[in-house]
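First comes the structure, then the notes that go with it.
Quick note: residue numbers are just sequence positions, from 1. Small disclaimer: the values here were computed from a predicted structure and weren't measured.
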Amino acid sequence: MINPGIIGAVLLTLLFLGSTVFTESISAVKYPAYAEYRRTMSMLVPLPRQRVS
């Protein structure tokens, strides 16, 4: 049997990620310069993304 605590943690994580993606989409529509920010910064931790050559 699966531990209910694990199920709750997974559901909470999915809710957090879903709300983050939704908020970022709203910000992208409201602020045109936000698209450039999204390309250069990671979504959850404000660290620069690594460039892919």
Side-chain angles (χ1 to χ4, degrees):
M1 189 161 166
I2 299 176
N3 185 340
I6 293 174
I7 294 173
V10 169
L11 291 176
L12 189 60
T13 301
L14 291 174
L15 177 65
F16 177 74
L17 288 174
S19 66
T20 301
V21 170
F22 180 65
T23 303
E24 286 216 341
S25 67
I26 291 172
S27 296
V29 170
K30 191 172 181 180
Y31 305 104
Y34 192 68
E36 176 62 29
Y37 177 81
R38 285 174 65 185
R39 278 192 292 276
T40 59
M41 301 299 285
S42 63
M43 181 170 51
L44 297 177
V45 180
L47 298 173
R49 290 186 181 196
Q50 294 181 358
R51 294 181 184 211
V52 178
S53 299

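- Between Tyr34 and Ala28, the shortest heavy-atom distance links the atoms CD2-N, 3.7 Å.
- Following chains of ILVMFWY side-chain contacts shorter than 4.5 Å, one cannot reach Val10 starting from Phe16, and the two form parts of different hydrophobic clusters.
- For the pair Phe22/Ile26, a side-chain contact is recorded, criterion being any heavy-atom separation below 4.5 Å from C-beta on.
- Annotation for Leu11: atom CG counts as buried by contact number, over 12 foreign heavy atoms lying within 6.0 Å.
- Connection of Tyr31 to Met41 is established within a shared hydrophobic cluster, with ILVMFWY side chains joined at heavy-atom distances below 4.5 Å, either directly or through further cluster members.
- Atom NZ of residue Lys30 and atom OG of residue Ser25 lie 12.5 Å apart, to the nearest 0.5 angstrom.
- Here the CG atom belonging to Leu12 is positioned 13.5 Å from the CD1 atom belonging to Ile7, to the nearest 0.5 angstrom.
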